Undergrad: 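This is the structure, below, for whatever I ask next.
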Amino acid sequence: MSLLENLNPEQLAAVTLPNQSALILAGAGSGKTRVLTTRIAWLIQTGNIGPNGLLAVTFTNKAAREMLTRISAMLPINVRGMWVGTFHGLCNRMLRAHHRDAGLPQLFQILDSQDQHAAVKRMLKAANADEDRFPPREVQNFINAAKEEGRRPRDVEIADESSRRFADLYAAYEEQCQREGAVDFAELLLRTYELLSKNEVLREHYRSRFRHILVDEFQDTNRLQYRWLKLLAGPANVVFAVGDDDQSIYRFRGANVGNMAEFERDFHVQNVIRLEQNYRSFGHILDAANALIAHNKRRLGKNLWTSSGKGEPVRVHEAGSDNEEARWLVEEIQSLAREGLRLADIAMLYRSNAQSRVIEHALFSAGMPYRVYGGLRFFERLEIKHALAYLRLLANPDDDGAFLRVANFPARGIGARTLEQLQDAAKSGGMSLYKAAGALAGKAGAAIAAFLRIVESLRSETQGLPLKEAVEVMLERSGLVAHYRSEKDGADRVENLLELVNAAAAYIQEEDANDLAAFLAHAALESGDNQAAEGADALQLMTVHSAKGLEFQAVFVTGLEEGLFPHEQSVFEDDGLEEERRLMYVAITRARARLYLSFAQTRMLHGQTRYNVASRFLDEIPAGGLKWLTPRLRGSSPMEDVAWAAPKRVPQPAVPDHGFRIGQSVLHPKFGQGVIVNAEGSGIDARLQINFGRQGMKWLALEYAKLQPA
DNA sequence: AATCCGTCTATTTTT
DNA sequence: TAGACGGATT
């Protein structure tokens, strides 16, 4: 059986597990995707189920695509039509199929986070809510949190006046969405959950159809997603959950690692299979990762190993400043490139996006090509949003969000007053803006009427046209392209709009349904690439979060400073530090052959210089596997026989009379090593503010503190 | 309706 | 430092 060739014993056991639910603890680089896809192929090949008898769920569209590609490489079957997708994608599919049962219009629109934000703002305005007490962002978070707990407005706990108001606003938001036929991300999940929960026939239909349910990145599921799975699975179905609790880094978004333990209990898991053999990194890198993560208390437990030898030590570099760190990075990368490493095989990771600036600056000055991941994605761009809004109005005239977005864009003399007037009319008539617009008279009415004519003629002209041509007509008729052509910096936007035509042409809908609605759902569910074009050999820059799931020949983890990584905000959060450590674990395990850890003594943050202590994570990695590229003040390691880099240059302020200066490292008998961050007073009366990293920030009187220069 | 200016704020972000 | 936002100005 060629399918099962070259699987290690644990992988093999997982793939061929008999019909009972199982939890696969798959460490980084342990062949998780391979196990998942081979399992599917094996189930089908052995006649256990047909391609349509299983459902596989992932978190990203990319992962879903990858899975389908691999399956079709393993089996001579048509994978189109298989239920492999993201939670949201699969829910969308169910809701489209059963929109009536779910209480939704056939062409319901999906709101992405941006759209939702706008919708909440609109609702708050209509409800006359005090913007200071109810900021849109907070209300949005409240609503999403409630939905992810499976709570409707009536289920929200009301403790005080404020929570009562929040619940009311939530209700108003729901009403608005329902009226407009709009569904946000969390709603896709909750609606489907409620649909299955209330409708026994449907529930049984899907339960008997999907005998096998497979879940990827299980540690990232939130409470609602877990309940959804539990509901869909029922007692007789087999759930194959793959995850790694050590790589749970999205708790702040509602991911609940606790689902893993709960899953074991709820599904009577007999088999927890650990995939611990790592096929990605060399020994020293894995040792570092293992040692680090061992500092976490709550773990299911796992130790990665490799048969490929220790490899190179983990290199550590200390820089005087963020700028110096960046310059060193460039030099080091240049030497890696000279050794023949492709730039695209090198990643620079950082904890927060703001850190990329300094690095980018240095790379730019050195003329080194790089690519930054993150930022605006294709379908999130303003001009694309505008274009989509026109399309949305065609699909669903009651979409007030779309109406407001483009009624006066490009400008056609519809002012804020007109729109307000219109909103009032719509509200009192209990109808959508579009419907109310027809009745508006007077001068304002004329402008509005012109807009309606545009939409109506668009509608009739695109009737029956293939999607691609419909988009072309829309771009033309709406005046969007013309508008951006006439704008001085509009060239990129025009290009993007034309790219939208390509996207429409390339879009192949999965089954049945309305082209346009399906394309709009696609646009909302898959916001597109957020990385520059492939092809050119360029260095990869990204946050540690977005590096999850990727691997590189060489990895630089930068900015390893207390307060930055671990982030200072994290210490206030329950379990925050452990999550930061998991994040560091993810960072380390991205590297195949070479891993660099770097930090800087000073860093410009929020417009002022901060003096930092090295991250505690550096101390949590055994010194034996580390090779310091810069001199260290204390401690030693066997590998410290390296040529030391140029002496550190810290910008030095004038030395005050007491002999201590800002930025200086000092040693305190109780608090250990710290860095002077601030000082006031002079002579014997001076007080120094010292950052002791883990011990915190302290103000010490020089007279009493027994400080010595370190 | 577009632009300018002061104020505020500042992790991470699969869908 | 830099961007986002709201209010005021042209």
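What you see is a predicted model, and the numbers here were worked out from it, not measured in a lab. Here is how names work: the chains are called A, B, and so on, in the same order as the sequence lines, proteins then strands, and each is numbered from 1.
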Undergrad: Who pairs with Asp322(A) by side-chain contact (heavy atoms from CB on, under 4.5 Å), at least two apart in sequence or on another chain?
TA: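 Per chain and number, Asp322(A) pairs via side-chain contact (heavy atoms from CB on, under 4.5 Å) with Val358(A), Arg603(A), Met604(A).
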Undergrad: How many whole angstroms separate atom CG of Asp220(A) from atom P of dT15(B)?
TA: 12 Å
Undergrad: Just to be sure I understand the rule, does Ser113(A) reach a base, reach only the sugar-phosphate, or reach nothing, if contact means heavy atoms closer than 4.0 Å?
TA: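 Result for Ser113(A) = base.
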Undergrad: Residues two or more places apart in sequence or in another chain: which of them pass side-chain contact (heavy atoms from CB on, under 4.5 Å) with Ala504(A)?
TA: Leu467(A), Val471(A), Phe519(A)
Undergrad: Starting at the 5' end of DNA chain B and moving along, which residue's nearest nucleotide shows up first, Ala411(A) or Ala524(A)?
TA: Ala411(A)
Undergrad: Protein-nucleotides 2-5 of chain C N/O pairs closer than 3.5 Å?
TA:
| from | atom 1 | to | atom 2 | distance (Å) |
| --- | --- | --- | --- | --- |
| dA2(C) | OP1 | Arg357(A) | NH2 | 3.3 |

Undergrad: Determine: side-chain N/O of Arg377(A) to OP1/OP2 of dT13(B), distance under 4.0 Å, yes or no.
TA: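 The answer is no; no side-chain N or O of Arg377(A) sits under 4.0 Å from OP1 or OP2.
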Undergrad: Does the protein touch nucleotides 4-12 of chain B at the base, only the backbone, or not at all? Give it as B, S and - per nucleotide, heavy atoms under 4.0 Å.
TA: ------BBB
Undergrad: Roughly how many Å is it from CD1 in Ile414(A) to P in dA2(B), rounded to a whole number?
TA: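 Distance check: Ile414(A) CD1 to dA2(B) P gives 13 Å.
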Undergrad: For Arg280(A), what residues pass the salt bridge (Lys or Arg N to Asp or Glu O under 4.0 Å) criterion, not counting sequence neighbours?
TA: Glu551(A)
Undergrad: For DNA chain B, what residues of residues 182-195 of chain A have any heavy atom nearer than 4.0 Å?
TA: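 Per residue number, the list reads Phe185(A).
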Undergrad: Check the distance between dT1(C)'s P and Arg603(A)'s CZ and give it to me in whole angstrom.
TA: 16 Å
Undergrad: Identify whether any heavy atom of Asn408(A) sits under 4.0 Å from a base atom; if not, whether one sits that close to sugar-phosphate; answer base, sugar-phosphate or nothing.
TA: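 Sugar-phosphate only.
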Undergrad: Taking donor-acceptor contacts at under 3.5 Å, does the side chain of Arg253(A) reach the base of dT15(B)?
TA: yes
Undergrad: Check this for me: does any side-chain nitrogen of one of Asp246(A) and Arg582(A) sit under 4.0 Å from a carboxylate oxygen of the other?
TA: no
Undergrad: Which residues satisfy the salt bridge (Lys or Arg N to Asp or Glu O under 4.0 Å) test with Glu148(A), sequence neighbours excluded?
TA: none
Undergrad: Could you give the distance separating dG6(C) and dT11(B) at their C1' atoms, to the nearest angstrom?
TA: 25 Å
Undergrad: Report the residues that fulfil side chain to side chain donor-acceptor pair (under 3.5 Å) with Lys385(A), sequence neighbours left out, ordered by chain and then residue number.
TA: Asp112(A), Asp115(A)
Undergrad: Quote, to the nearest angstrom, the C1' distance that separates dC5(C) from dT12(B).
TA: 23 Å
Undergrad: For Asp492(A), enumerate each residue passing the side chain to side chain donor-acceptor pair (under 3.5 Å) test, keeping only those at least two apart in sequence or located in another chain.
TA: none
Undergrad: Please name all residues satisfying salt bridge (Lys or Arg N to Asp or Glu O under 4.0 Å) with Glu578(A), sequence neighbours left out, ordered by chain then number.
TA: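 So Glu578(A) forms no salt bridge (Lys or Arg N to Asp or Glu O under 4.0 Å) with any residue.
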Undergrad: Within this structure, what is the NZ-to-C1' distance between Lys125(A) and dG6(C), rounded to whole angstrom?
TA: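 Distance check: Lys125(A) NZ to dG6(C) C1' gives 12 Å.
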Undergrad: Assuming nearest nucleotide by heavy-atom distance, tell me which of Gly415(A) and Lys548(A) is located more 5' along DNA chain B.
TA: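 Taking each residue's closest nucleotide, the earlier one in sequence belongs to Gly415(A).
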Undergrad: Between dT13(B) atom C1' and Glu380(A) atom CD, what is the distance in whole Å?
TA: 10 Å
Undergrad: Would you call the rings of Tyr484(A) and Phe409(A) parallel, tilted or perpendicular if under 30° counts as parallel and over 60° as perpendicular?
TA: tilted
Undergrad: Any Lys/Arg nitrogen of Arg251(A) or Asp575(A) sitting under 4.0 Å from an Asp/Glu carboxylate oxygen of the other?
TA: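 A salt bridge links Arg251(A) with Asp575(A).
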Undergrad: Tell me every residue that passes side-chain contact (heavy atoms from CB on, under 4.5 Å) with Thr58(A), counting only those two or more places apart in sequence or in another chain.
TA: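 Thr58(A): side-chain contact (heavy atoms from CB on, under 4.5 Å) contacts with Ala63(A), Ala64(A), Met67(A), Thr86(A), Asp216(A).
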Undergrad: Measure CD/Glu217(A) against P/dT14(B) and give the value in whole Å, please.
TA: 13 Å
Undergrad: According to salt bridge (Lys or Arg N to Asp or Glu O under 4.0 Å), who are the partners of Glu174(A), at least two apart in sequence or on a separate chain?
TA: Arg152(A)
